[in-house]
Structure formats: C-alpha cells, structure tokens
Amino acid sequence: MSDFEVILYDKVDGVAYITLNRPKALNAYSIKMRDELYEVLGAIKDDSDVDVVILKAAGEKAFCAGADLTEFLSAPPPVFARQARFERDVWGRFLSVKQPIIVAMHGYVLGSGIEMSLCCDIRLATDDAKFGLPEPGLGIIPAAGGSQTLPRTIGQAAALEILLSGRWIDAKEALKLKLVNRLVPRASLYPEAEKLARKIQSFDKKVIRAIKQSVWRGMDMPLNAGLALESRLAKQLKEA
Ligand code: COA
C-alpha cells in the first residue's frame, strides 16, 4: 500500500489501525484524507488477515473538526468542493467493509467526524468529547450521510433537533442519545478499543462478519425480509 500523508495505517495480529493524522488542523476531513481513507478501506475489506478495524485520531484536541473549511468554503467554490466529495463514495466504502470497525473518539467530533463514526459499528468516546453538526450555520446540509445515518442511529426526533438547530452535545448526552456506545476516560480509550477488538477477534470471523452484514442490511429492510436474510446467513454458515 502506498505511503499516506494524512492518515496512518498499521496492522498488528489481525487488527488494522487507521489514524486520522492532521492534528494541527484538528484532523479536518480534506480531499486528501477522503482519498486515503478510500484507498485504505478498499485494501482492508479484501484483506483476509484483518479481523477488526480500529479508527482513531492523532493529537490531543480532536477526533475530527469536520470538513476542511480551507477547501470547503474558499476557492474552489463550495459546489465544486462538495462535488469532489461525491466522486469517491468513501461512506459507501466504510459500509462495504466486512470486518467490524470500532471508532475511538476524543475531543471535537464535528460534521464529517460524526458522520464517519456513524458508518462504523461500535463507537467509543472519551468523557470530554464534544459532538456537533455545524452544517446549517455554514449554509449547507450534511452530505457525508449524516441526514440518513444519524436518525437511523438515535431516532428521528433527536436527529432532527441536532441537525436543524446545530446544537452541540457533550459526551454524557451523546451516551444518553445512544450516539456512542460507551464513554471512557482519555487514558483508557485505546486500551478499551483494543480490548474490544481482541474480544471480537476471539470469535469465528465468518460468524462475526455474518452478524455485521445481517444487522446493517437488515436495518434497511422490512422485518420479514430481514428475518429471511438472517435465515439465509445462518444457513450459509451451517453449510460453510
Ligand atoms: N478545517 C480546517 N482547519 C480547521 C478546521 C476545519 N474544519 N477546524 C480547525 N481547524 C484548524 C484551525 O484553523 C487552526 O489552524 P491554525 O492553528 O493554523 O490557525 C487549528 O485547526 C486549531 O483550531 P482552533 O480554531 O485554533 O482551535 P480552537 O480550540 O480554538 O477551536 C473548534 C476548535 C473545533 C471549535 C474550531 O476550530 C472550529 O469551530 N472549527 C470549525 C468546525 C467546523 O465548522 N467544521 C466544519 C463542519 S462541516
């Protein structure tokens, strides 16, 4: 895999680590970051040596402060900058990864930062994390999936309030809303993510991937179709 500039990639004993690595810009999501995430996720999804993925970010202050505003709201005009984002469906790429993705978040988690986490399977956050979708204040709508993934995760009413008002929420509220699975002190964030990854890794990888597929695909189906999908996956596992 080529050398990356704004992410780090590492693989240790079946766990893949992706680190957003623009700490001076609070890990703002740039076009370069989009391209590198697209590439690394593409490699991971076809890598049979990867059982679990951990996504995290460098620096003390932020997991990700949203879209890179220097690209987004200056020349080229926003419409082109946004168009460039659509050209590579990094969010679809996230969802195509068969292995579970654990995201470990700290500090500011804004805009695309939240949206990225909503494409992951298990969200851990530090107790000082702050979450916000500032898009309406910038005159844009979320376009990294947030208007779809947020209501699916926390329900329509809570999602609408956050999306329409641009109100930021603290870690406690994020937990209450089930935007995150668990809060941990900063020093325990990566050890906890690691522990969880190793626990998941202790199970049969075919079973783990089938569970992930059944839940994500099933969420978009009526219950009957979801139950049929679950039966098919169970049968496939039995025959494998
Ligand atoms: N895009 C590009 N650069 C960003 C950025 C972003 N979204 N968010 C922060 N940065 C940069 C700042 O420009 C600053 O760079 P500098 O040191 O070269 O001046 C550096 O990161 C540190 O940010 P700063 O604003 O000084 O930190 P702070 O602690 O005072 O404030 C925030 C933190 C997150 C409240 C503030 O940076 C902010 O509001 N960022 C924009 C959030 C946003 O609207 N994102 C878009 C969502 S769609």
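A quick note: this is a predicted structure, and the numbers were derived from the prediction, not measured. Remember, it's 1-based here, ligands and their atoms both numbered in the order they're listed.
Looking at Ser214, its side chain never comes within 3.5 Å of a backbone N or O of Ile211 through a donor-acceptor pair.
Looking at every heavy atom in both residues, Pro23 comes nearest to Gly59 through CB-CA, 3.8 Å.
Taking the side-chain contact (heavy atoms from CB on, under 4.5 Å) definition, one finds that Ala228 meets it with Arg232, sequence neighbours left out.
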Just the distances, no angles: every ligand 1 N or O to protein N or O pair closer than 3.5 Å, one line each.
from: ligand 1; atom 1: 1 (N); to: Leu69; atom 2: N; distance (Å): 2.9
from: ligand 1; atom 1: 7 (N); to: Ala65; atom 2: O; distance (Å): 3.0
from: ligand 1; atom 1: 7 (N); to: Ala67; atom 2: O; distance (Å): 2.9
from: ligand 1; atom 1: 21 (O); to: Lys24; atom 2: O; distance (Å): 3.3
from: ligand 1; atom 1: 27 (O); to: Lys61; atom 2: NZ; distance (Å): 3.2
from: ligand 1; atom 1: 29 (O); to: Lys61; atom 2: NZ; distance (Å): 2.7
from: ligand 1; atom 1: 45 (N); to: Ala65; atom 2: O; distance (Å): 2.9

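Counting non-hydrogen atoms of neighbouring residues, nucleotides and ligands closer than 6.0 angstrom, the CD atom of Glu230 reaches no more than 12 such neighbours.
For Lys212 and Asp121, the salt-bridge test passes: some basic side-chain N is under 4.0 Å from an acidic carboxylate O.
Annotation: Trp91 is in aromatic contact with Tyr29 [ring centroid separation under 6.0 Å].
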